[in-house]
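Accompanying notes for the structure given below.
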Amino acid sequence: MIREFSYQAPRKQKELLDILASERENARVLAGGTDLLVNIRLGLQHPRIVVDIKKIREHTAIRFDEKEGLSIGAAVTINEVMENRDVQKHFPALVEAAKVLASHQLRNRATVIGNLCNASPCADMAPPLLCLDARVEIVSDSGRRNLPLEAFFAGVKKTRLTPGEYVERIVVPPRWADAGGGFRKMKRVRGHDIGVLSVCLTKKGPLRRVAVGSAAPTPVLVGEFRGRVSTEEVIRKAMRRINPIDDVRGSAEFRRFLTRRYVAELMKEVR
Amino acid sequence: MKRAEAGEPVEISLRINGEKVTCRVPPHVTLLRFLREYVGLTGTKEGCSAGECGACTVLFNGRAVNSCLVLAVEADGANIRTVEGECRNNRLSRLQELLDKHHAVQCGFCTPGMIMSIRDLLARHPKPTLRQIQEGIEGNFCRCTGYVQIIEAILEYTGQLKKKGELKRVRG
């Protein structure tokens, strides 16, 4: 049984911002609902008002152009990203990560931005978007600001969003278009379980970026490497940046092992 | 905009298996509960209520979704298909007949959701490969472990089953 709340589905961003400004902490943004509705049912969140953002047309847009890069709106689902021709052509790392996020019917509902705003350490879309240097565009009734994704995560299930704000879209800069990319994720059951550990690596020209999921309170950008760099060096830096814990899905040592292994595999594979 | 009280019912209007339905429903009621308790369509089952088991899968504007993770109010204006839409004039659909023929139904709890996932799969891939079938139904748990039978039924439905029992030798 879910607790009672009221529901609004504004069609204009202005209405949405007014609701968020007046309701503050009492309002929760509803996109795919695959995290929010579970959390409400479990009693982890108690919104008085649930604001559905899917009726605002701009939120459903996914666009690519060579000047601005890739823009993904707040209501774009994981499957829509995966099926998008431009994403398939220019951002292979995103497609690889999207493919192994939960199950097909979850991906039909879950949104990319919801996955980021839920801010789980294991958010599957985070490592590729960290590697692609995505920026998060945040809007409230008093204006807009944007943050690099790395600075958006504040802790386990915590972001830098303040009451009254929401994420309108994310933008991947054009300099990372056509980067080679790979994603590895260990999970216990295909199609069901959340990840034990994931690593993403992107490479464009002399630049490489590496990110790790499920190995610290937030998804971690290991860093950007320029020119010739040895696998050992990348692994050493990754080991310094991650801080895994033992939990029901695996031990900290297993997570370090997987990080070494996946980084080594991706250093070989992504050219 | 009028501010509604928490729990106050909202009028929604949608199509379910082609039929127009208009109803007042409180916002916290899920699409799953709405179908079962407000419309009386109890074919769709509740399993885990967390989007993991797929027993509650329905088609939402043609795409498979977990109806336990959708609010009924979100379905205002939508086209919903459930397992009840399979049957025509009290006769099983061909897909249902083949699931029956291949003994792909044991306890039957996963079957309504499984059928809707198969419909979504076939809309995307009319002749799915084994891998595409496995990926298409990976969000649907069958605890009687009848996946081989289900996959064989799908292969026969799409005219791809060469020999009954051939999948028993496939691993992984």
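Since the structure is predicted, the reported quantities are computational estimates derived from the model, not experimental observations. Proteins get letters first, then strands, A, B, ... in listed order; numbering begins at 1 in each.
Here the shortest heavy-atom pairing between B:G139 and A:S103 reads CA-CB, 3.3 Å. Of all non-hydrogen atoms in B:P27 and A:S6, the two that sit nearest each other are CG-CA, 4.1 Å. What you find for A:H104 and B:E135 is that their closest heavy atoms are CB-O, 4.5 Å.
Using a 4.5 Å heavy-atom cutoff, the side chains of B:H28 and A:I40 are not in contact. With contacts defined as side-chain heavy-atom distances shorter than 4.5 Å, the pair B:L71/A:D52 does not qualify. By the 4.5 Å heavy-atom criterion applied to side chains, A:R109 and B:L69 are not counted as neighbours. Side-chain contact check for A:Q105 versus B:N140: some heavy-atom pair is nearer than 4.5 Å.
Heavy-atom neighbours of A:R57 CZ from other residues, nucleotides or ligands within 6.0 Å: at or below the threshold of 12. Other residues, nucleotides and ligands contribute over 12 non-hydrogen atoms within 6.0 Å of the CZ atom of A:R249. The number of heavy-atom neighbours closer than 6.0 Å to CZ of A:R261, taken from other residues, nucleotides and ligands shown, is 12 or below. Counting heavy-atom neighbours within 6.0 Å of B:K127 NZ, excluding the residue itself, gives a total above 12. Shown here is A:K55, whose NZ atom has more than 12 heavy atoms of other residues, nucleotides or ligands within 6.0 Å.
Ion pairing of B:E138 with A:K187 is absent here, as no side-chain N (NZ or NE/NH1/NH2) approaches a carboxylate O to less than 4.0 Å. Using a 4.0 Å cut-off between charged side-chain N and carboxylate O, A:E83 and B:R124 make no salt bridge.
Interatomic distance, OG1 of B:T57 versus CG of A:N108, reported as 10.0 Å (0.5 Å rounding). In this structure, CG in B:D76 is found 7.5 Å from OH in A:Y7, a value given to the nearest 0.5 Å.
Only the side chain of A:L30 has a heavy atom closer than 4.5 Å to any heavy atom of chain B. Within the 4.5 angstrom heavy-atom criterion, atoms from both the backbone and the side chain of B:V73 approach chain A.
Of residues 80-88 of chain B, not one residue has a non-hydrogen atom less than 4.5 Å from any non-hydrogen atom of chain A.
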